Structures are given as C-alpha cells and as structure tokens.
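See below for the structure under consideration.
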Number of protein chains: 2
Amino acid sequence: MASIKDVAAEAGVSVATVSRVLNDHPSVSADARTRVLAAVESLGYRPNAVARSLRTDQTHTLGLVISDVMNPYFTELARSVEEEARALGYSVIIGNADERPDLQDHHVRNLLDRRIDGLLVSPTDGGSPLMLDAARAGTPMVFVDRWIPGVGVPVVRSDGRAAVRDLVAHLYGLGHRRVAIIAGPAATTTGRERVEAFREALQEYGLGLPDAYIGQGDFQAESGRRVTEGFLDLAEPPEVVFAADNLMALGALDAVRARGLRVPDDIALAAFDDIPWFVHTDPPITAIAQPTGELGRAAVRALADRIEGRPGESVTLPARLVVRRSCGEPYPASPEPDSAQAPAVQPPAENRSHR
Amino acid sequence: MASIKDVAAEAGVSVATVSRVLNDHPSVSADARTRVLAAVESLGYRPNAVARSLRTDQTHTLGLVISDVMNPYFTELARSVEEEARALGYSVIIGNADERPDLQDHHVRNLLDRRIDGLLVSPTDGGSPLMLDAARAGTPMVFVDRWIPGVGVPVVRSDGRAAVRDLVAHLYGLGHRRVAIIAGPAATTTGRERVEAFREALQEYGLGLPDAYIGQGDFQAESGRRVTEGFLDLAEPPEVVFAADNLMALGALDAVRARGLRVPDDIALAAFDDIPWFVHTDPPITAIAQPTGELGRAAVRALADRIEGRPGESVTLPARLVVRRSCGEPYPASPEPDSAQAPAVQPPAENRSHR
DNA sequence: CCCGTCGATGTAATCGATTCCACGAGCGCT
DNA sequence: AGCGCTCGTGGAATCGATTACATCGACGGG
C-alpha cells in the first residue's frame, strides 16, 4: 500500500508538501497541488488513518457500548448514533455487551486502547471500576438510556414517568386492578426506575404493587417467560403483566400462549420500549415508545460537544404511550389503532397527585 | 495517558524491556519483569493500540459491512461474527450500508483507511470499483450472504434452493396455484437467486411465474407494502405472496391488513429469512430459515484463514423451511407448529426433476 | 538599490509502540 | 586461562503521518 513518501517521490516534492495538499493548507502552489493530486490519483493513495491518529492524537471515532444488539431498541439507537456521528465527521465502533458486565468491560477496554475520542455507554450494571476510572480520567463520555449516578457524566435518556401514568390510566379505565410487572435488573437505572414509576402511578389510582407481582427479569426474552409462568402459577394471577422491556414482553407472550391462554382476554400485556414488530404481533402490543432516534442524535451531539471542549449537556426527552390491543379493546371501534392517546380516565380524586 | 516511556522510567528499565515484558518475550529477568509489571499497575498503563498497529502493520480488527442493521437477520449475523472474531482475537467494526451503495463505499473506504486486517462484506450492489480494487489489491476479504461473482473472493452463504422447493411443495399441497414473489434488488445475488429458485421449483409443479406476479422490491418494508398493493389491485390477484426477505414480508402483511383482508384466508404469505418475531405475528409466518449464526462463524473463520495465510474456503450451508400458519393450516391439528417439516406432497410425476 | 515581508518548500522532530543489533556479564568446556 | 555461548539489556531505527522551523526567492516600498 502506497505511503505518503511514495506520493512525494512520484510528484517530485517533499512529504510535507503532500501532507499540506491533503489537509488543504493554504500555502501550496497551484502547480505542486496538481502534481500531488495526480500522484495520489495514479497511486491510488489513501492516507493511513493509524499513522495520522498516532500523530494527531485524534481518531475521529466514537465508541458505543450497548447492552444488547439483538434488542431492536438498541439497534435503532445504534443506527441513529452512527448517522449523527457520520454527519459530524465521526465514525462509530459498536461494542455489544449482551447484558454481561464482563463483556461490557472488555469492549470499554478495547475502545479505550484504540484511543477513541469519546465513549457512549448504556451501562449493563452499576458501574465497573474500569468505567468509573475512565470517566474520572477525563475520557469524554456520555450515558445513553441507562446511566450510573454520581459520576459527572451527562445523561441522555427518556423519561417514562408520564407515559407510565398514561398506561396505568389506560389499564384502570379498562377495569384492570391486579397488575404485575416484570422488572429489569436492579443494577440498571432503567430496571429500577420503571418499577418505581409504575408503582407511583398505581398508587395514584389506589392500586398497590405487591411483591408477588414484581418479577425479576434481566431484559431477555427467556426471563420474561419464566417470570410470567410464575405469575400464572399464583393462586390469584394478575390481570395485567407489564414488561419493562420489549424482549421480556415477547417471552411473556410465549408463556401465556403456552398455557393456552389468550391476550388480552385472559391476561393483558404491555411493554416498555416500542418496536415496529409490536404492530404485527397477535395481538398488537400496547407499549411505551421512546424517541429513540432523537436520543441517539442528542447523545452524539452531547458527546461531540464534550470532545470539542464545549459543555455537553444532559438531555431528557419524554416517552409516550402507544395504545394497541394487548390490554383489551381500548375504546369502542377505535378508528386509528396505532397512535398515542391521552388517557380517557381520571384517577379517583382523593389519590390524584397535586399539580 | 501514560506511555511506555513512563513505564520504563518508573521501572528503571528501557522501553525495549517494557515491550518485551508486555509481549512476553522469553529473555527478560524475573526481576525486571516484576518491576515492569508493578510500574504498569501503578500507572494504570495500557498499550496504545494505534501505535502498536502502526509498527506491526496489524490492527487485529475485522471490518463487517452489512446491508441493513435494522434487519434482524443482519443483526444476528453481526452478533455471531463478533463472537467468533472475539474468540479468535479480533475486534469487529460494523458498517451499515442501509442498502445504499454510496454508504457501502463510505464504510469500505473508512475501514480500509483504518487498515483493518480483513473485510467481511454482504454487498448491496453488483460491486463498486472501490471494492473490486480492494479485492484485487489483495485485501483479505470474504463475502457473506450476498456476493459479487468473478472476483476471487470466498463466499459464505446458505443455499435456499432445497428449502424453496419444500416451500413450493407446501404451497402446492395446500392447493395454491397462483403464486407471486416480491423480489429483492436485481443487483444483489440473493435478489436474483431467490426468484430463480422459486421459478424453478414452481416449474417442477407445473406452475408458472408470470411477470405480473414478480414485484420489484428493495428488501425494505415499504417496498413490500407497495408491491403487495400492486398484486391486490390485479384483476386476478395471487393466492400466495412470497417475500424475498423478512422486512418486505412485514410490509406485505401491512398492505394486506390495510385492505381488511386476512392472512392466510384471503391471501397466503411466506418469507425468506426467518426471525424470532415471526412466531409472534398474526398469523405466525412460514419462512425459510438460514443458519445465520453458523454463517457468521464460518465467514469469520474463512477470513481469519485468509489473513493468516491459509487458503480460506467458501462455505455453503443449507437453509430450511419452517412451516407456520401464514399459508394455511399446514396439516390437520399439527401438534408442533414451529418446526421444520418435510413436504408431504410430491409434484406431478411428469414434472418431477430427475435425480 | 536594499531590506523586510510573504509565500512556497524542505528538513527533521515527533507520536508510541516493536524489534534488530550490539554489548557486557557470566558460565562451561577444553 | 581463554574461547565461545547464552542471556539480559539498552540504543536506535522504523512504521506513516503532521507540523515547527529554517531557507530561499520574489516582490514592493522607501
């Protein structure tokens, strides 16, 4: 592979001049420029990004460590991250942690060794020493979706509280009273938050969330199946199962179906994280949709800000409820089954939260 | 960030010794080794992969350019590729071409500039000059799933012919005679091959594939919708629509449903590329499943072979039919609705292919 | 006409590793 | 005792770029 020296020789100039042409530095004669360009062309020369990075201490590369590539939510995130990064002149290297802290560390270490300019992470756990060190050491970093509290790292995420409240209103309005949740890992912020938001919203409606109705999942389909089976085995099974992510919802659907039961007639189902496939499942699944694309773009912008020396702020965007049919027919003969809707039912007045 | 010099200073040895310790070269005294290791530890030193790559001319990195990250088939492929690569000591950088040749070139160029050790590609088109040049220039390369003929590059793919024949047998057995296909882009091998395989299999059963029943798609959901609408507008619409990939099948499902028609009662649907979600759609979709994980692993092994100077062979694995309910109830009261089944119906004898 | 300035260019240092080569110490063998 | 090995080590070249600094010629103003 041709190097800058070969180009210099071919064009009859020094490597400095070649470099200047390539980085369009102003003081190069038109003559030299054309000769260099011709040499570049004829040799098919391409600058070696490795050498360039070594010298400039910049890789123009962002690392993105996500918890699970097979989860459509994260692939959409990855896609929007790459798009925005490309628009800003960065490449992205994706690391898939598969919800495993050790794999997450592997990728973080790998990315750090490659001297990426900045790191975007959706942490699988409460924070490995490695990541905390990196943050402290000043690696430009931004958390996306999930985060680790107490580190001075901006967080780009969506707030599901309002949407969860809407969901509970929806469930309440349909007459459901015994509701259960398949929680995510307690080590993740999203795992804890979603349970909290759900519990609070239920409280407004005078409903409780007994321990027996809180199943511990790990954001993977299999755990959704297992937890749901547990629910169905209860003396008094819940009327609704709310899965804290889309894959667990799928597992839940499997479990329900394996018993010969039907959604929503025998048990209702809702999920956090909407995905295109939910429109096509049987029945279409009511879900809380995050503005995934926006999150990815905002995260990249925040990271680019940090890298380029600007502040780089946290961003929180609202999620919204998308009502479909998995909790029961929402409203008689709804003409548009796949759109966000405001809850039609108010909580009992005495429980209504002030303001 | 600490460099090898800092470590050398801290340990009171030369950089050469530090390097030897790090690459566990035999001739280092036990004493020096422990001092170096202590220095590494106390400084939190990590070798700079950029510098190392420049010197050794190896990045231990594979590039993977896929046509569409949002397609579950490719994300599964990406996942298995990364896993196998990791097991073999390589990292993977994924580039998403989004079925756009220009984006594909962007990523290939980017990866080449980064001096990746080898390239795994599932080409979106017939082959850009860029990629052909790279292949000719001797970049270790392997095609996965799709390929470009005439370049001396190994191909790892699955052969759908037998499975397509099984599908046609299945359709024929259910009484379907007017069958249509939503084809992929003619520029891709898979786009062309699947149509060919389908046509040949139909022929064995004495069925034709008229032009009106061949719709031109682009492997994206939207095109599936559009083509299906065209089919439904025909004076004599087909009884079956076979989509050449999963996303187009989804689009087709949308289109059918938008007309108030039902699958499989009004029109049957089948797809190439099975994905977990097909179990959960309404109805579950009959599909041809590729051994995706195996393909990814085999591709990485072939590429590693090439990189490390071994031959690196092409691999072709069989796909298989997974019968579900989208083409009609397959067999009365099938106890196991989600498994591969041999076709129960033979073609009319006079058309049966010899051997 | 001379000198300062500016534009174009080349020389060489540098980034952080790896690795060839030389050197000195220690040891065994004759 | 002297020769030749091996072993451990350091010095320095090298990979392919960028860039500070030096140089040189041309040009314009006083």
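A note on names: the letters A, B, ... follow the listed sequences, proteins ahead of strands, and every chain is numbered from 1. The model shown is predicted, which means the values in this text are computed figures rather than measured ones.
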Next on the checklist: So, does A:Ser29 get its side chain near the phosphate of C:dG7, meaning an N or O under 4.0 Å from OP1 or OP2?
Outcome noted: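 Answer no for this pair, as no side-chain N or O of A:Ser29 is under 4.0 Å from OP1 or OP2.
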Next on the checklist: If the helix axis at each end comes from five base pairs, how far does the helix from C:dC1-D:dG30 to C:dT30-D:dA1 deviate from straight, to 10°?
Outcome noted: 50°
Could you give the [atom1]-to-[atom2] distance, from [X] to [N], as a whole number of Å?
X	N	atom1	atom2	value
B:Arg35	D:dT9	CZ	C1'	11 Å
B:Asp57	D:dG16	CG	P	7 Å
A:Leu43	D:dG16	CG	P	14 Å
A:Gln58	D:dG16	CD	P	21 Å

Listed pairs, N/O of protein and of nucleotides 17-19 of chain D, under 3.5 Å:
{"residue": "D:dA17", "atom": "OP1", "partner": "A:Tyr45", "partner atom": "OH", "Å": "2.7"}
{"residue": "D:dA17", "atom": "OP1", "partner": "A:Asn48", "partner atom": "N", "Å": "2.6"}
{"residue": "D:dA17", "atom": "OP2", "partner": "A:Ile4", "partner atom": "N", "Å": "2.3"}
{"residue": "D:dA17", "atom": "OP2", "partner": "A:Tyr45", "partner atom": "OH", "Å": "3.4"}
{"residue": "D:dA17", "atom": "O5'", "partner": "A:Tyr45", "partner atom": "OH", "Å": "3.4"}
{"residue": "D:dT18", "atom": "OP1", "partner": "A:Asn23", "partner atom": "OD1", "Å": "3.3"}
{"residue": "D:dT18", "atom": "OP1", "partner": "A:Asn23", "partner atom": "ND2", "Å": "3.3"}
{"residue": "D:dT18", "atom": "OP1", "partner": "A:Arg52", "partner atom": "NH1", "Å": "3.2"}
{"residue": "D:dT18", "atom": "OP2", "partner": "A:Ser19", "partner atom": "OG", "Å": "2.5"}
{"residue": "D:dT18", "atom": "OP2", "partner": "A:Asn23", "partner atom": "ND2", "Å": "3.3"}
{"residue": "D:dT18", "atom": "O2", "partner": "A:Arg55", "partner atom": "NH1", "Å": "2.2"}

[X]: partners by side-chain hydrogen bond (donor to acceptor under 3.5 Å, both in side chains), with sequence neighbours left out:
X	value
B:Asn110	A:Ser91, B:Arg114
B:Asp117	B:Thr59
A:Arg297	A:Glu294
A:Glu313	none

Next on the checklist: With salt bridge (Lys or Arg N to Asp or Glu O under 4.0 Å) as the rule and sequence neighbours excluded, what pairs involving residues 21-37 of chain A come up?
Outcome noted: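 Qualifying pairs: A:Asp31-A:Arg35.
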Next on the checklist: Strictly by salt bridge (Lys or Arg N to Asp or Glu O under 4.0 Å), give each pair with a member in residues 63-79 of chain A just once, sequence neighbours left out.
Outcome noted: A:Arg79-A:Glu83, A:Arg79-B:Asp98
Output side-chain donor-acceptor pairs under 3.5 Å for residues 129-142 of chain A, partner residues at least two apart or in another chain, one line each.
{"residue": "A:Asp133", "atom": "OD1", "partner": "A:Arg136", "partner atom": "NH2", "Å": "3.2"}
{"residue": "A:Thr139", "atom": "OG1", "partner": "A:Ala134", "partner atom": "O", "Å": "3.0"}

Checklist entry - Roughly how far, to the nearest 0.5 Å, is the CG atom of A:Asn96 from the CD1 atom of A:Ile66? => result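 It is 5.5 Å, given to the nearest 0.5 Å.
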Next on the checklist: More than 12 heavy atoms of other residues, nucleotides or ligands under 6.0 Å from CG of B:Asn23: yes or no?
Outcome noted: yes
Checklist entry - Within the structure shown, what part of the strands sits under 4.0 Å from B:Val13 by heavy-atom distance: base, sugar-phosphate, or nothing? => result sugar-phosphate
Next on the checklist: By the 4.0 Å heavy-atom rule, please label B:Ser27 as base, sugar-phosphate, or nothing.
Outcome noted: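 Base contact.
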Item to check | Closest-nucleotide 5' rank along DNA chain D - winner of B:Ala32 and B:Leu54 | outcome: B:Ala32
